[in-house]
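Throughout, a chain's letter reflects where its sequence line sits, starting with A, and its residues are numbered from 1. We use all heavy atoms of the structure for the numbers below, so side chains are in, but hydrogens, waters and symmetry mates are not.
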Protein chains: 2
Amino acid sequence: MNTSAHNLTIQQVAEATGLSVHTLRYYERIGLIHPIDRAQNSHRRYSQDDIGWIEFLMKLRATGMSIQDMQIYAHLQRQGDCSLPERVAMLTQLEAEVEAHIRELQEHQKLLRHKIKYYGSLLTAPEREAS
Amino acid sequence: MNTSAHNLTIQQVAEATGLSVHTLRYYERIGLIHPIDRAQNSHRRYSQDDIGWIEFLMKLRATGMSIQDMQIYAHLQRQGDCSLPERVAMLTQLEAEVEAHIRELQEHQKLLRHKIKYYGSLLTAPEREAS
DNA sequence: TTACAACTTCGAGTGCACTCGAAGTCAAGG
DNA sequence: CCTTGACTTCGAGTGCACTCGAAGTTGTAA
């Protein structure tokens, strides 16, 4: 089973993922993405596996992981199975940070809702102001 | 009732809020904070109300609001009650974004937990690898 | 009186994560 | 043959949100 057919141009990957072609080349340059296979004309050809990896990277970014930590993670990934413990450690750490971040956002959301409600009440029954 | 006693130096506010003195002056410079009252020696003296406002600003930042939007909000606040509708609109918009962000984080958290569990299982019962 | 710390303004510098522009190659279409 | 357009590399530029350093003033303590 060949899960790595090389069929997509950088343009197509940009459209599929929402990253710009600039960002795709940038990610490769800094080692977030392994050197992508090339067609005879030296153009990049992305496999489905490549897309999967890029989408995973985007999720890491969206959780707030820094580019630097993603570089470390990508490097570990390339080491193969022997790096599993470190990767699990990184993901576990990240998961905890995401959990904390969610809780913080929920707190702030409460305040926003409270303020919206209060300000709203001032609008319908006017003439006063405080916090 | 005077809720605006002027008693805190910039240093004390920095310690109380966790912002740096640089950032406090920066926020004032760009209009996020109104011009703080001064002691005779021209040193800033922050009131409890000022602290309250700064803490609110920090919460807006933590939800992801940009400095630019915070400038707009601060400006509206200074207009007084007549700006309430706009402020409610901004807060409502922000609340929706926070809601969406929380959901996104929860999705990514699910994936992280899944990966951690799967990689963990590889560690105890070794020799295989996939997604 | 002299040292020191904390404050002041101002403009410049930093780090991050892109984002872009220049200059060149190459293949297909008219 | 010539144009068009998608690709290539490389280094430089951008925008955001701080962050810092220099140079000066002031108030207290030894």
| How close or far is atom P of dT19(D) from atom CD1 of Ile30(B), stated in whole angstroms? | 13 Å
| query | With Gln11(A), which residues qualify under side chain to side chain contact (heavy atoms under 4.5 Å, CB included), at least two apart? | reply | Thr9(A), Glu15(A), Val21(A)
| request: For dA17(D), take OP1 and OP2 only and decide whether either is under 4.0 Å from a side-chain N or O of Tyr27(B). | output: no
| said: Checking Gln40(B) now: which residues fulfil side chain to side chain contact (heavy atoms under 4.5 Å, CB included) with it, not counting sequence neighbours? | reply: none
| remark: Residue set satisfying salt bridge (Lys or Arg N to Asp or Glu O under 4.0 Å) with Glu55(A), at least two apart, ordered chain then number -> none
| query | With sequence neighbours excluded, what pairs up with Ala39(B) under the side chain to side chain contact (heavy atoms under 4.5 Å, CB included) test? | reply | Asn41(B), Arg45(B)
| task | Can you check each nucleotide of nucleotides 6-11 of chain C against protein heavy atoms at under 4.0 Å and return B for base, S for sugar-phosphate only, - for none, in 5' to 3' order? | result | -SBB-B
| field | Any residue of residues 51-71 of chain A with a heavy atom less than 4.0 Å from an atom of DNA chain D | value | none
| query | Is there a side-chain contact between Asp50(B) and Ile36(B) (heavy atoms, below 4.5 Å)? | reply | yes
| query | Looking at residues at least two apart in the chain, or sitting in another chain, which of them share a salt bridge (Lys or Arg N to Asp or Glu O under 4.0 Å) with Lys59(B)? | reply | none
| task | Output all residues satisfying salt bridge (Lys or Arg N to Asp or Glu O under 4.0 Å) with Arg29(A), sequence neighbours left out; order by chain, then residue number. | result | none
| request: Name all residues meeting the side chain to side chain contact (heavy atoms under 4.5 Å, CB included) criterion together with Glu86(B); count only those two or more places apart in sequence or in a different chain, and write none if there are none. | output: Leu76(B), Ser83(B)
